[in-house]
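Comments concern the structure below.
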2 protein chains.
Amino acid sequence: MNIGDVAERSGLPAKTIRFYEDIGLVKPMRAANGYRSFRDSDLHKLAFLGRARTLGFSIEECRLLLELYEDKGRESAQVKALAEDHLKAIDDKIAQLRSMRATLAHLVQCCAGDDRPDCPILDDLAQPSQAPGRDAHRA
Amino acid sequence: MNIGDVAERSGLPAKTIRFYEDIGLVKPMRAANGYRSFRDSDLHKLAFLGRARTLGFSIEECRLLLELYEDKGRESAQVKALAEDHLKAIDDKIAQLRSMRATLAHLVQCCAGDDRPDCPILDDLAQPSQAPGRDAHRA
DNA sequence: CCTTGACCTTCCAGTATCTGGAAGCCTTAT
DNA sequence: ATAAGGCTTCCAGATACTGGAAGGTCAAGG
């Protein structure tokens with residue numbers, strides 16, 4: 001298979017596949033003309049990577065997952081630990097975004113949004129030395 | 001004020017402040033010895049930037065906010081529109097993370113996490129041609 | 001045989017937002 | 001005089017691609 005086929009079947013852009021080869025995630029063979037020649041196992045790996053990426057795993061985490069996947073003697077505990085770490089990272093990120101969201105939503109609500117210059121959003125950002133809109137939740 | 005003072009008072013690392021100068025967000029003066037010399041207004045701007053950044057605004061959004069802040073004839077509608085756009089971006093991001101979280105949490109729960117190699121997480125990632133764990137929510 | 005268009009190749013640069021480090025000058029205190 | 005600490009600039013790296021330029025390859029049509 002050429003890169004175009006693999007791109008279509010894996011759902012990953014050809015550019016991304018080349019990038020994954022650069023960083024050693026896949027090692028396709030080469031045809032006589034210099035074109036990359038992908039085996040089914042390469043396609044399989046790429047699809048695996050694509051799905052791991054949509055779950056938000058970093059490239060390095062994907063690399064580990066792939067290693068575990070290929071190690072038939074792995075302990076599932078290792079996979080689970082990796083996934084749990086990632087889950088926690090996601091939870092942290094969500095918490096952070098929700099905090100931003102709460103503050104911002106409050107500010108937006110307070111702003112008239114008309115042709116006058118008065119703006120509680122800017123006022124809040126300009127508050128000296130305190131977390132922005134830190135009492136938005138209580139408001 | 002030298003950069004160290006401003007860093008401490010604004011809560012931003014000196015490195016970041018230099019970077020903000022590079023991209024034109026602040027324009028401190030220079031003392032005879034070449035050191036950056038910050039006015040109160042520079043400190044004020046940096047603090048504004050720091051708070052806008054903690055609310056998740058991008059640098060370019062911060063640049064616009066700063067312009068609006070300094071334009072005493074602005075219309076608050078512009079600020080509000082910017083904030084609303086950002087709010088929507090945050091909501092989208094949260095939705096995406098929650099979807100990941102749901103799938104991943106389900107998989108983690110299914111994995112024994114012991115010394116055996118069987119692992120539903122890896123199995124799911126290896127599923128050919130379908131979104132990973134796409135029925136996790138129903139499970 | 002030649003051309004055309006679609007594919008493929010490599011390499012370089014840019015995105016976003018810093019962060020770390022090296023090499024070296026300035027200031028202050030001892 | 002020297003040492004510590006702060007300041008300067010510049011380069012590189014991290015993350016994960018993405019776009020584009022310049023050029024080789026291949027299959028089809030005339």
Side-chain angles (χ1 to χ4, degrees), chain A residues 1-38 42-43 45-46 48-66 85-86 89-90 92-93 96-97 100, chain B residues 1-38 42-43 45-46 48-66 85-86 89-90 92-93 96-97 100:
Chain A
M1 277 180 289
N2 281 350
I3 200 168
D5 303 315
V6 182
E8 193 177 342
R9 297 201 211 177
S10 68
L12 295 171
K15 278 274 191 191
T16 299
I17 296 172
R18 292 196 192 97
F19 173 69
Y20 285 175
E21 182 186 8
D22 280 350
I23 63 176
L25 286 180
V26 279
K27 306 196 194 335
M29 298 190 309
R30 292 291 175 141
N33 60 11
Y35 286 18
R36 288 171 184 80
S37 179
F38 295 84
D42 294 318
L43 172 56
K45 266 195 202 183
L46 287 167
F48 182 102
L49 287 169
R51 282 186 290 276
R53 293 287 297 130
T54 67
L55 282 186
F57 287 100
S58 72
I59 291 286
E60 288 314 311
E61 286 167 335
C62 288
R63 194 190 298 277
L64 293 174
L65 285 170
L66 210 45
D85 284 355
H86 180 47
I90 288 176
D92 290 351
K93 189 78 194 164
Q96 189 196 346
L97 285 170
M100 284 179 186
Chain B
M1 277 177 288
N2 281 351
I3 200 167
D5 304 314
V6 182
E8 192 176 345
R9 298 201 212 178
S10 68
L12 295 172
K15 279 273 189 190
T16 299
I17 296 172
R18 292 196 193 97
F19 172 69
Y20 286 174
E21 181 186 10
D22 280 350
I23 63 177
L25 286 180
V26 279
K27 308 195 190 340
M29 299 189 307
R30 293 290 176 142
N33 59 10
Y35 285 19
R36 288 171 184 79
S37 180
F38 296 82
D42 294 318
L43 172 57
K45 266 195 201 183
L46 287 166
F48 182 101
L49 288 168
R51 282 185 291 275
R53 293 288 296 129
T54 68
L55 282 186
F57 287 101
S58 72
I59 292 285
E60 289 314 311
E61 286 168 333
C62 288
R63 195 189 298 277
L64 292 175
L65 285 170
L66 210 46
D85 284 356
H86 180 47
I90 289 175
D92 290 351
K93 188 77 193 163
Q96 188 197 346
L97 286 170
M100 284 179 186

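In what follows, chains carry the letters A, B, and so on, assigned in the order in which the sequence lines appear, proteins first and then strands, with residues in each chain numbered from 1.
- OP1 and OP2 of D/dA16 both lie 4.0 Å or more from every side-chain N or O belonging to A/Thr16.
- Judged by distance alone, the side chain of B/Asn33 and the main-chain N or O of B/Tyr35 form a donor-acceptor pair under 3.5 Å.
- In this structure, B/Tyr20 reaches the C/dC18 phosphate: one of its side-chain N or O atoms is under 4.0 Å from OP1 or OP2.
- Judged by distance alone, with hydrogens and angles left aside, the side-chain atoms of A/His86 form no donor-acceptor pair with the main-chain N or O of A/Glu61 at under 3.5 Å.
- Here B/Arg36 does not reach the OP1 or OP2 of D/dC7: none of its side-chain N or O atoms lies under 4.0 Å away.
- Protein atom CD1 of A/Ile59 is 14 Å distant from nucleotide atom C1' of D/dT18, rounded to whole Å.
- Atom pair A/Arg63:CZ and D/dA16:P shows a separation of 10 Å (rounding to whole Å applied).
- Using a 4.0 Å cut-off, no side-chain N or O of A/Arg30 falls inside it from OP1 or OP2 of C/dC8.
- Here the P atom of nucleotide C/dA13 and the NZ atom of A/Lys15 are 13 Å apart, to the nearest Å.
- In this structure, B/Tyr35 does not reach the C/dT27 phosphate: none of its side-chain N or O atoms is under 4.0 Å from OP1 or OP2.
- A/Lys27 and A/Glu21 are not joined by a salt bridge, as no carboxylate oxygen comes within less than 4.0 angstrom of a charged side-chain nitrogen.
- Contact annotation for A/Ile3: backbone-only contact, meaning every heavy-atom pair under 4.0 Å involves sugar-phosphate atoms and none involves a base.
- Using a 4.0 Å cut-off between charged nitrogen and carboxylate oxygen, A/Arg63 and A/Glu60 count as a salt-bridge pair.
- In this structure, the CG atom of B/Asp22 is 14 Å from the P atom of C/dT15, given to the nearest Å.
- A close approach under 4.0 Å does occur between a side-chain nitrogen or oxygen of B/Asn33 and OP1 or OP2 of C/dT27.
- Not one side-chain nitrogen or oxygen of B/Ser58 sits closer than 4.0 Å to the OP1 or OP2 atom of C/dA16.
- Look at CZ on B/Phe57: it is 13 Å from P on C/dT17, rounded to the nearest Å.
- Within the 4.0 Å cut-off from OP1 or OP2 of D/dA16, not a single side-chain nitrogen or oxygen of A/Arg18 is found.
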